[in-house]
Amino acid sequence: MASFNTIAGCVLASALFAMVVGKVSNAVVHPHKLDKPALAVSDDAPTQTAAAPAAIEIPPIGPKLASANVDAGKAIFMKQCFTCHTVDKGGANKVGPNLWDIVARKKASHAGFSYSSPMTAKGGEWTYEDIDHLIFKPTAYVRGTKMAFAGLPKEQERADVIAYLRTMADAPKPLP
């Protein structure tokens with residue numbers, strides 16, 4: 001019986017201590033009440049997804065491709081992209097799809113890879129400009145993409161990677 005009384009006393013003392021600490025902390029720290037909610041919730045929830053933000057304008061990549069360095073692109077690819085993508089012919093998918101012969105390939109079409117719905121809905125074929133926009137900032141190009149890559153902000157690095165990817169094909173597509 002003594003152990004039950006001891007346990008009950010500890011529980012009650014702990015609860016009393018927590019209440020006192022709460023009262024004292026509220027007396028010392030005065031929380032600032034917002035005039036309006038920081039996050040407004042509307043009863044009129046949209047039935048469709050919100051429109052994508054305006055696309056970020058980047059200069060056309062075509063002029064940079066003419067002087068791009070394939071070896072530098074391969075080095076950047078191996079450092080930044082190889083963790084998630086392969087480029088060998090018939091190569092396996094990783095976290096991302098295999099990128100063999102990516103230029104002019106239909107978007108979201110590599111067999112055996114489960115693309116996000118927004119990427120599947122993108123449609124069309126991969127152009128040099130599309131690849132440039134994707135690797136510049138994937139989430140801006142395809143809102144809702146599963147691609148968790150911050151992007152390559154430097155134009156020359158993107159041109160080098162694209163030039164490298166272009167060579168990963170039996171018949172590389174002509175430059176723009």
Side-chain angles (χ1 to χ4, degrees), residues 37-176:
L39 182 62
V41 178
S42 171
D43 290 338
D44 303 329
T47 55
Q48 297 178 350
T49 57
I56 298 170
E57 291 297 321
I58 57 175
I61 199 68
K64 284 279 189 188
L65 287 175
S67 63
N69 183 329
V70 173
D71 292 330
K74 180 178 182 178
I76 295 165
F77 182 89
M78 292 306 200
K79 184 177 178 185
Q80 299 283 332
C81 313
F82 189 70
T83 303
C84 298
H85 297 279
T86 59
V87 289
D88 47 322
K89 186 175 184 176
N93 294 319
K94 289 184 170 181
V95 174
N98 176 283
L99 300 179
W100 174 262
D101 200 19
I102 187 70
V103 180
R105 183 169 84 193
K106 184 179 174 196
K107 292 176 186 164
S109 66
H110 194 269
F113 187 77
S114 176
Y115 291 91
S116 64
S117 297
M119 180 61 83
T120 303
K122 197 74 172 162
E125 294 180 345
W126 285 110
T127 65
Y128 291 112
E129 294 301 325
D130 289 334
I131 296 169
D132 183 40
H133 279 81
L134 179 71
I135 64 177
F136 172 68
K137 191 165 186 179
T139 55
Y141 182 70
V142 181
R143 187 175 181 163
T145 182
K146 293 189 289 187
M147 188 172 175
F149 176 62
L152 291 174
K154 294 180 183 174
E155 184 180 22
Q156 188 60 55
E157 288 183 353
R158 293 192 316 271
D160 292 343
V161 169
I162 294 168
Y164 170 67
L165 289 174
R166 175 183 173 265
T167 65
M168 297 291 100
D170 289 327
K173 307 304 182 275
L175 290 172

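On a predicted model such as this, the values are computed, not experimentally measured, just so you know.
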- The ring-ring contact (aromatic ring centres under 6.0 Å, His included) partners of Phe77 (sequence neighbours excluded) come to Tyr164

- Query: Applying ring-ring contact (aromatic ring centres under 6.0 Å, His included), which residue pairs with at least one partner in residues 102-122 are found, sequence neighbours left out?
  - Reply: Phe113-Tyr115

- Query: Restricting to pairs with a member in residues 81-102, which pass ring-ring contact (aromatic ring centres under 6.0 Å, His included), not counting sequence neighbours?
  - Reply: none

Mind checking side chain to side chain contact (heavy atoms under 4.5 Å, CB included) for [X] and listing every partner two or more places apart, or none if nothing turns up?
{"X": "Lys64", "answer": "Ile61, Glu155, Gln156, Ala159"}
{"X": "Pro63", "answer": "Pro60"}
{"X": "Thr83", "answer": "none"}
{"X": "Pro172", "answer": "Arg166"}

Can you tell me how far apart [atom1] ([X]) and [atom2] ([Y]) are? Round to the nearest 0.5 Å.
{"X": "Cys84", "Y": "Met147", "atom1": "SG", "atom2": "CE", "answer": "7.5 Å"}
{"X": "Lys94", "Y": "Thr86", "atom1": "NZ", "atom2": "OG1", "answer": "6.5 Å"}
{"X": "Ile135", "Y": "Leu165", "atom1": "CD1", "atom2": "CG", "answer": "7.0 Å"}
{"X": "Ile162", "Y": "Thr127", "atom1": "CD1", "atom2": "OG1", "answer": "9.0 Å"}
{"X": "Asp71", "Y": "Lys74", "atom1": "CG", "atom2": "NZ", "answer": "7.5 Å"}

- Message: Show every salt bridge (charged side-chain N to carboxylate O under 4.0 Å, His left out) that has at least one partner inside residues 107-117, sequence neighbours left out.
- Response: Lys107-Asp130

- Please confirm whether the backbone N or O of Asn98 pairs with a side-chain atom of Asn93, one donor and one acceptor, at under 3.5 Å? yes

- Message: So does Asp160 get a backbone contact from the side chain of Asn69, meaning a donor-acceptor N/O pair under 3.5 Å?
- Response: no

- Compare all side-chain heavy atoms of Leu152 with those of Gln80 and state whether any distance is below 4.5 angstrom. yes

With sequence neighbours left out, what residues match [X] under salt bridge (Lys or Arg N to Asp or Glu O under 4.0 Å)?
{"X": "Lys89", "value": "Asp170"}
{"X": "Asp132", "value": "Arg158"}
{"X": "Lys173", "value": "Asp101"}

Would you give me the side-chain donor-acceptor pairs under 3.5 Å for residues 118-125, sequence neighbours excluded?
unit_1	atom_1	unit_2	atom_2	d
Thr120	OG1	Ser116	O	3.0
Lys122	NZ	Tyr141	O	3.1

- Message: Please check if the number of heavy atoms outside Lys154 that lie under 6.0 Å from its NZ is greater than 12.
- Response: no

- Message: Testing the basics here: between Pro176 and Gly62, what is the closest heavy-atom pair and its distance to 0.1 Å?
- Response: CG-CA, 3.8 Å

